[in-house]
There are 2 protein chains.
Amino acid sequence: MSKQNEELKKAGLKATLPRIKIMEVLASTAIQEEAHFSAEDIYKELISNDEDIGLATIYRVLTQFEAAGMVTKHHFENSKAVYEINSDEHHDHMVDVDTGKVMEFHDEELEKLQHEIAKKKGYELVDHSMILHVRKIES
Amino acid sequence: MSKQNEELKKAGLKATLPRIKIMEVLASTAIQEEAHFSAEDIYKELISNDEDIGLATIYRVLTQFEAAGMVTKHHFENSKAVYEINSDEHHDHMVDVDTGKVMEFHDEELEKLQHEIAKKKGYELVDHSMILHVRKIES
DNA sequence: GTCCTTGCAAAGCTTTTGCATCGCT
DNA sequence: AGCGATGCAAAAGCTTTGCAAGGAC
């Protein structure tokens with residue numbers, strides 16, 4: 001029984017082939033810039049691997065994964081939503097406006113500040129999304 | 001000749017009735033929390049004011065306004081995009097995950113911190129988008 | 001065997017586009 | 001008058017849903 005198998009069970013989901021395959025695609029790259037998949041990205045990837053999985057299933061499964069906290073859904077500026085597998089460690093994104101390169105970073109002070117800002121307004125911070133648009137400093 | 005009229009001309013857009021009316025709706029509330037309109041919000045508002053303006057026109061006009069830097073388009077987590085009139089002053093957004101209510105805030109320390117984070121990586125901050133997802137604290 | 005899951009197709013929603021008409025300058 | 005702007009309806013995305021068949025436990 002694989003690790004993914006267990007993770008699915010833990011989320012109350014049956015370990016079906018579509019779900020396992022989708023999970024594999026989401027986890028398939030170590031390259032940060034490529035770690036964001038739209039439903040169709042996953043669909044095409046599976047088709048090209050001769051896995052016969054319907055697009056509707058992918059949408060349903062991604063929704064379940066998101067509810068289970070296994071993936072995060074981003075909207076960015078495009079029309080399509082993209083999904084990213086959740087790692088243990090929280091991070092934010094920095095995008096180079098010239099090259100499109102996506103970098104990740106984590107700053108504890110920033111996290112703390114966000115909690116404080118929410119608290120000051122009478123709210124608790126559930127989550128946040130932040131993207132810094134940056135440009136390389138000429139040297 | 002109204003102020004809006006001039007602003008439209010400056011953007012290279014003819015001062016037509018639909019554009020003026022849409023601008024008026026966007027500028028119609030002093031309440032920051034309610035300053036986000038979807039295309040349909042604007043459409044309904046105009047219809048209820050007996051202005052006969054097509055939804056397609058609203059989409060076209062909003063796209064033009066965005067290109068001219070007069071409004072900012074946000075996606076938040078919903079399916080609909082919302083538009084906000086650009087004020088001189090920068091602010092970020094906080095969304096109540098239970099009610100969908102959007103609030104605005106500005107925190108100088110946060111802004112400074114973002115610049116520092118970018119700088120530390122050898123970049124200058126061009127822009128940023130940040131949304132805090134929050135929940136009301138039970139009292 | 002039971003109940004959850006899947007695939008397909010159809011429907012739903014938001015947004016965009018083609019085209020003839022209209023209106024600002 | 002000229003050319004951009006509008007309205008309507010149709011089309012185009014992306015995503016969700018109904019339903020019958022299939023699969024996990």
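Letters go in sequence order (proteins before strands), and every chain restarts at 1.
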Protein-nucleotide distance ([X], atom [atom1]; [N], atom [atom2]), rounded to Å:
{"X": "R19(A)", "N": "dG23(D)", "atom1": "CZ", "atom2": "P", "result": "15 Å"}
{"X": "N5(A)", "N": "dG23(D)", "atom1": "CG", "atom2": "P", "result": "17 Å"}
{"X": "Y43(A)", "N": "dT15(D)", "atom1": "OH", "atom2": "P", "result": "15 Å"}
{"X": "K14(B)", "N": "dC3(D)", "atom1": "NZ", "atom2": "P", "result": "10 Å"}
{"X": "E51(B)", "N": "dG7(D)", "atom1": "CD", "atom2": "P", "result": "10 Å"}
{"X": "L55(B)", "N": "dA11(D)", "atom1": "CG", "atom2": "P", "result": "18 Å"}
{"X": "D52(A)", "N": "dG22(D)", "atom1": "CG", "atom2": "C1'", "result": "14 Å"}
{"X": "Q64(B)", "N": "dA5(D)", "atom1": "CD", "atom2": "C1'", "result": "8 Å"}

Going by side-chain hydrogen bond (donor to acceptor under 3.5 Å, both in side chains), name the residues that satisfy it together with [X], two or more places apart in sequence or in a different chain.
{"X": "S129(B)", "result": "none"}
{"X": "S38(B)", "result": "D41(B)"}
{"X": "D127(A)", "result": "none"}
{"X": "N78(B)", "result": "none"}

Which residue pairs pass the salt bridge (Lys or Arg N to Asp or Glu O under 4.0 Å) test when at least one of the two sits in residues 42-61 of chain A, sequence neighbours left out? K21(A)-E51(A), E40(A)-K44(A)
Pick the nucleotide of DNA chain C nearest each of T16(B) and L13(A); which residue has the one closer to the 5' end? L13(A)
If the helix axis at each end comes from five base pairs, how far does the helix from dG1(C)-dC25(D) to dT25(C)-dA1(D) deviate from straight, to 10°? 40°
Classify the angle between the aromatic ring planes of H36(B) and H74(B) as parallel (below 30°), tilted (30 to 60°) or perpendicular (above 60°). perpendicular
Would you mind writing out the side-chain donor-acceptor pairs for residues 108-119 of chain A within the sub-3.5 Å range, not counting sequence neighbours?
| unit_1 | atom_1 | unit_2 | atom_2 | d |
| --- | --- | --- | --- | --- |
| E108(A) | OE1 | H106(A) | NE2 | 3.0 |
| E111(A) | OE2 | H90(A) | NE2 | 3.1 |
| Q114(A) | OE1 | H128(A) | ND1 | 2.9 |
| Q114(A) | OE1 | H128(A) | NE2 | 3.4 |
| H115(A) | ND1 | E111(A) | O | 3.1 |

Is the distance between the ring centroids of H93(B) and F76(B) under 6.0 Å? yes
Extract, from 5' to 3' on DNA chain C, the first and final nucleotides lying under 4.0 angstrom from some heavy atom of chain A. dC3(C) to dA9(C)
If you look at every strand shown and take non-hydrogen atoms under 4.0 Å, does I53(B) touch a base, only sugar-phosphate, or nothing? sugar-phosphate
How is A15(A) classified with respect to the nucleic acid when contacts are heavy atoms under 4.0 Å: base, sugar-phosphate, or nothing? sugar-phosphate
Residue list, side chain to side chain contact (heavy atoms under 4.5 Å, CB included) with I85(B), at least two apart or on another chain: M23(B), L26(B), A27(B)
Listed by chain and number, what are the side chain to side chain contact (heavy atoms under 4.5 Å, CB included) partners of S79(A), not counting sequence neighbours? none
Using OP1 and OP2 only, check whether a side-chain N or O of Y59(A) sits under 4.0 Å from dT15(D). yes
Quick one: is K9(A) getting a side-chain N or O under 4.0 Å of the dC25(D) phosphate, OP1 or OP2? yes
May I ask you to decide if Y123(B)'s main-chain N or O and R135(A)'s side chain share a donor-acceptor pair within less than 3.5 Å? no
If you restrict it to nitrogen or oxygen atoms, what contacts under 3.5 Å exist between nucleotides 18-20 of chain D and the protein, and what is each distance?
| unit_1 | atom_1 | unit_2 | atom_2 | d |
| --- | --- | --- | --- | --- |
| dG18(D) | O6 | R60(A) | NH1 | 3.3 |

Listed partners of Y43(A) passing ring-ring contact (aromatic ring centres under 6.0 Å, His included), at least two apart: none
